[in-house]
Structure formats: C-alpha cells, structure tokens
Amino acid sequence: MNNIYVWVCILILFVTTYFTRMLPLIFCKNQIKNTFLRSLLAYLPYAVLTSMLIPEVFMAQYGLLPGLLGFIVAIVFSYLNQSLIVVLAMSTIVTYVSMIFNSQIMSFLGF
C-alpha cells in the first residue's frame, strides 16, 4: 500500500464526514417547525444506539451473557429517559463488569 492511496482514502473520508456534518448547518438555519421531523430527530440518537448495540450483542467475543446484560441495561436507562451519555456509560460498565466475572456468573447459574 503506497502513500498516495492512504492520502486519497483520508481525503475521501474527510470530505464525506465534513459534508454530512455541514449539510444540516446549511439547510437548517431556522428552528424546525415540522412536528414529524422534530420527533424523528428526537428519537434518532436512540435509533443509532440500537443499531450499534444489536450486532455486538449477538456477535460478542466473550459470550452472549455480557452483551445481553449491557443491552438490557441500555433499554432500561433509555426507557427512563436518561441522556445518551448515561445510557452508553452504564451499558458499557455493566458489559465490562459482566465480561470480567463471566465465568463466575455462568458457574453460579449452573452452565
């Protein structure tokens, strides 16, 4: 792999990331009055969180239990209307702790 290929890839990633972040600033200068669009944008972070979590739950390297526990915690905190940072932090902490104690949990449950 040569340097030109790497720099072209970096440039393409920069342009696509820049435009996806810049387009809302260009087109949405005023407050959004459409109720459907406002509700869609209100739930979008949770949809993105779900799309990030679901594949990792079922393809977990440390077994299914840590992923499921983290997913359940994320659902509970989302249902309690916690911020996205709190949901991510708590689900990550629960998943990490259950990964550490996975063998003890599984032997306690009889597996």
Side-chain angles (χ1 to χ4, degrees):
M1 185 178 315
N2 56 16
N3 286 338
I4 296 173
Y5 179 76
V6 172
W7 284 109
V8 168
C9 289
I10 291 172
L11 181 68
I12 290 171
L13 289 172
F14 169 75
V15 168
T16 56
T17 304
Y18 181 76
F19 282 119
T20 57
R21 294 176 191 269
M22 198 61 187
L23 287 177
L25 294 175
I26 293 172
F27 292 116
C28 300
K29 293 183 181 179
N30 297 331
Q31 185 175 3
I32 300 172
K33 295 184 173 101
N34 187 345
T35 56
F36 173 73
L37 191 58
R38 287 180 72 179
S39 65
L40 177 72
L41 292 174
Y43 291 111
L44 191 62
Y46 294 107
V48 171
L49 174 66
T50 304
S51 69
M52 289 180 351
L53 284 177
I54 291 293
E56 293 300 320
V57 168
F58 297 110
M59 295 180 181
Q61 177 178 341
Y62 295 98
L64 190 61
L65 184 66
L68 280 176
L69 288 176
F71 182 66
I72 291 169
V73 167
I75 289 174
V76 168
F77 277 93
S78 296
Y79 183 75
L80 296 174
N81 290 327
Q82 296 295 318
S83 70
L84 189 58
I85 299 297
V86 172
V87 172
L88 285 172
M90 294 308 294
S91 64
T92 302
I93 289 169
V94 168
T95 303
Y96 182 70
V97 169
S98 64
M99 281 176 16
I100 291 173
F101 297 110
N102 191 19
S103 60
Q104 289 88 356
I105 294 171
M106 295 305 277
S107 64
F108 177 73
L109 294 176
F111 293 108

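All residue numbers refer to positions in the sequence shown, counting from 1.
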So if you build clusters from Ile, Leu, Val, Met, Phe, Trp, Tyr with side-chain heavy-atom gaps below 4.5 Å, do [X] and [Y] land together?
X	Y	value
L80	V94	no
V86	V76	no
I72	I75	no
Y96	L65	yes
Y18	V15	yes

Separation between OG1 (T92) and CE (M99), nearest 0.5 Å, reads 10.0 Å
Taken to the nearest 0.5 Å, the spacing of T16 OG1 from L11 CG works out to 9.5 Å
ask   = If every non-hydrogen atom of S78 is compared with every non-hydrogen atom of V87, which pair is closest and at what distance?
value =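 Smallest heavy-atom distance, with atoms named: OG-CG1, 3.7 Å.
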Nearest heavy-atom approach of G70 to S91 is O-CB, 3.3 Å
Under 3.5 Å donor-acceptor, S98 side chain and T95 backbone = yes
Run the ring pair (Phe, Tyr, Trp, His ring centres under 6.0 Å) test against F19 and tell me which residues pass, sequence neighbours left out.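 Applying ring pair (Phe, Tyr, Trp, His ring centres under 6.0 Å) to F19 gives none.
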